[in-house]
Amino acid sequence: TVCALPVPLPAWSTMAMQLPPGFTAADGGDGGASAAEEAQMEEQMEQMMTQILTPEAMERLKTLAVVKKDKVRQVQMQIIQMARSGQLKQKIDDEQIKAMLNEGAGNQPKVTIKRRTYFDDEGEDGDSDSDLM
């Protein structure tokens, strides 16, 4: 025979349903709308950039975006601000993009690595045992 006793749910299953204020479930609840909005904003940004940049400059930004998306986003925002304020008289070319990218690079500290040598390398292959005796 089958027993029809009510089985209480474990405490962890009811806690998962109650999220603190300001948090949303990551199971895609409203995530679809924000992803669509983000895609639309990305497309608008792309359209603005094609109007403002030469094809070579666009290609440079696309290539750099693979590695440094935040850096590209920063330069794009700077370009849009320049366009909105009327500072642009012509399309931005590749050389101007390079200059803008190098401007921002000055803000980050340069890292240099010095290699210390502990043994006097006598042989070219570095496997000389004469210095051990």
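Numbers for residues simply follow the sequence, beginning at 1.
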Residue pairs passing the salt bridge (Lys or Arg N to Asp or Glu O under 4.0 Å) test where at least one lies in residues 45-59, sequence neighbours excluded: Glu46-Lys62
Minimum-distance pair of heavy atoms, taken over all atoms of Thr50 and Gln47: OG1-O, 2.7 Å
Met77 atom CE: more than 12 heavy-atom contacts under 6.0 Å: no
Test item: Gln81 side-chain N/O and Gln78 main-chain N/O as donor-acceptor pair under 3.5 Å: no
Gln44 CD to Glu42 CD distance, which is reported to the nearest 0.5 Å: 10.5 Å
Inter-residue atom distance Met48.CE - Gln76.CD, 0.5 Å rounding: 9.0 Å
Distance in Å, Leu64 CG paired with Leu101 CG, rounded so as to fall on 0.5 Å steps: 5.5 Å
Taking every non-hydrogen atom, the tightest pair across Ile92 and Ala57: O-CB, 3.6 Å
Heavy-atom neighbours of Gln87 CD exceed 12 at 6.0 Å: yes
Residue pair Lys91 / Gln51: nearest heavy atoms and the distance that separates them: CE-O, 3.3 Å
Shortest non-hydrogen contact from Leu88 toward Ile79: CD1-O, 4.1 Å
Any Lys71 side-chain heavy atom under 4.5 Å of Gln74 side chain: yes
Check ion pair Glu95-Arg60 (N to O, under 4.0 angstrom): no
Shortest non-hydrogen contact from Asp94 toward Thr54: N-OG1, 3.9 Å
